[in-house]
Protein chains: 2
Amino acid sequence: MARKPVQQRAKATVDAIVEAGFIAMAERGPAATTTRQIADIAGVGVGSLYEYFENKEEIFQVMSERFVADTIAMIQPLIPTIVRKPIKEAVLDLLGHFRDFLQANNERYLKCARYAMALDFEQHVEPLQKTLSELVTQYLMHHPETLKIRNIPTMSYIMINGGIYSVVRHLCDPAPPITFDELAGGLADMVSHYTEREMALVSP
Amino acid sequence: MARKPVQQRAKATVDAIVEAGFIAMAERGPAATTTRQIADIAGVGVGSLYEYFENKEEIFQVMSERFVADTIAMIQPLIPTIVRKPIKEAVLDLLGHFRDFLQANNERYLKCARYAMALDFEQHVEPLQKTLSELVTQYLMHHPETLKIRNIPTMSYIMINGGIYSVVRHLCDPAPPITFDELAGGLADMVSHYTEREMALVSP
DNA sequence: TAAATTTTCCGAATTGAATCCGAACAAGCG
DNA sequence: CGCTTGTTCGGATTCAATTCGGAAAATTTA
């Protein structure tokens, strides 16, 4: 950010700009949104954008950050509940919340996710990855029998990345080949079958 | 495309433009490549771009199409070999070829994949998805015992999408938390464990 | 072959969006 | 209230995308 807002009304301006960014992005997609549109929706002059953001790109970056932060904030309180459930239910529960979250507010975050997954990859999605790894760790600690499973970091990596992408892709698809429930069930089965098979292999 | 090239030299111009697009994209990423750069690299005037492409975006679209077509062309001849292998080897084999393909030519296609996965989703990646579904179908026919597995379309969807994304993401990451071999092995295990567990459940 | 026609190429001119900037307006503070 | 600092703004500027009309090359026609 080019400059920090110190007064209250300046903070409100920054918020209005980011909010306008979400609205414009949800309406027309990131490529088609102009600085003029964002300024108009926010009810500020175009010049004001550049008081707090280096350029248009940075507005999207901040939106991306907020998206990831909000996702994490959505997941954190679920952790204590989720870690106590059987694996399949746990996955279904998490995915259901994730879908609702992405679709809220005219799919604001779904459109943002599509953008964020393309450009930033490491930079912004990484904290989310860390949170989910944390969730996996806690889950394992609540189910000590699963600690025998090999390659846990690798499997986390695959399921977290593959899971997020599959869900975002599916929700963006106007004519998906399978239903969301099938997708969620499939991901849950994938995890639970893998777990069960590993446990069978390790302690026969 | 705005107009079809009919003469030979015009076809060469179109090729040079697309080729230049790949080079420019690999160097600076899609956002930072200008029409001037593409024209300079291709050795043509800026005006020539617009003889055969509606706009800059369409150049990227054609690149995307070529990327997907080349990916399919890379996979097709592998199918007869792959379908005869045990599941784990089959997955490892496919992933190895996919990685080499993405990394060839200064990672030209890896950078393209990153872009294609963001924007086009359905439109361009879909033929690839269809080819891979085909591969799965053929694999199942060569291993009749696996036909009992439930939810095959769902599992294909998850493994194809999740697999492609995980690999692209991993190869783009300058400091990945796991090695590529671990990732590939993990995906292979994921598939094979799921298969084994399903077979055990269905015919105990 | 030469003229006529079609195709291709080009780069200066146009357009429009992104960004800059300095004047005008508000807020905090002695 | 003067003074300083923070904020807003929109016209001016910059730069990339796109257009356009004419020249050059290829092809066809006579």
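- When rounded to the nearest whole Å, the span between CD1 of B/I59 and P of D/dA16 equals 16 Å.
- Dashed line: the shortest gap from a side-chain N or O of B/Y50 to OP1 or OP2 of D/dT19 is not under 4.0 Å.
- As a whole-Å value, the separation of B/Q7 CD from D/dA24 C1' is 11 Å.
- Regarding B/K56, its NZ atom lies at a distance of 10 Å from the P atom of D/dA16, rounded to whole Å.
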Distances under 3.5 Å between protein N/O atoms and the N/O atoms of nucleotides 8-14 of chain D, please, pair by pair.
| unit_1 | atom_1 | unit_2 | atom_2 | d |
| --- | --- | --- | --- | --- |
| D/dT8 | OP1 | A/T13 | OG1 | 2.4 |
| D/dT8 | OP2 | A/Y52 | OH | 3.0 |
| D/dC9 | OP2 | A/G45 | N | 2.9 |
| D/dC9 | OP2 | A/S48 | OG | 3.1 |
| D/dC9 | N4 | A/E51 | OE2 | 3.3 |
| D/dG10 | N7 | A/G47 | N | 3.3 |

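- Between B/F67 and B/F22, the gap from one ring centroid to the other reaches at least 6.0 Å.
- Screening A/I23, A/L49, A/V18, A/V46 for a side chain to side chain contact (heavy atoms under 4.5 Å, CB included) with A/I38, the sole residue that qualifies is A/L49.
- Residue A/N55 contributes atom CG, which lies 14 Å from atom P of D/dA16 at whole-angstrom precision.
- The distance between atom CD of B/E54 and atom C1' of D/dT18, rounded to the nearest whole Å, is 11 Å.
- When the C1' atom of D/dT18 is taken as reference, atom CD of B/E57 falls 14 Å away, rounded to whole Å.
- Under the 6.0 Å cut-off for aromatic ring centres, B/Y109 and B/F101 qualify, their centroids lying closer than that.
- The nearest whole Å value for the distance from the NZ atom in A/K11 to the P atom in D/dT7 is 9 Å.
- The 12-atom threshold is not exceeded at CZ of B/R36, counting heavy atoms of other residues, nucleotides or ligands nearer than 6.0 Å.
- Between A/H143 and A/Y139, the gap from one ring centroid to the other is short of 6.0 Å.
- Residue contacts for B/T35: at a heavy-atom cut-off of 4.0 Å it reaches a base atom on one of the strands shown.
- A cation-pi geometry, defined here as NZ or CZ lying under 6.0 Å from the six-membered ring centre and within 45° of its normal, does not hold between B/R197 and A/Y194.
- Taking atom CD on B/Q8 and atom C1' on D/dA26, their separation rounds to 13 Å, with Å as the unit.
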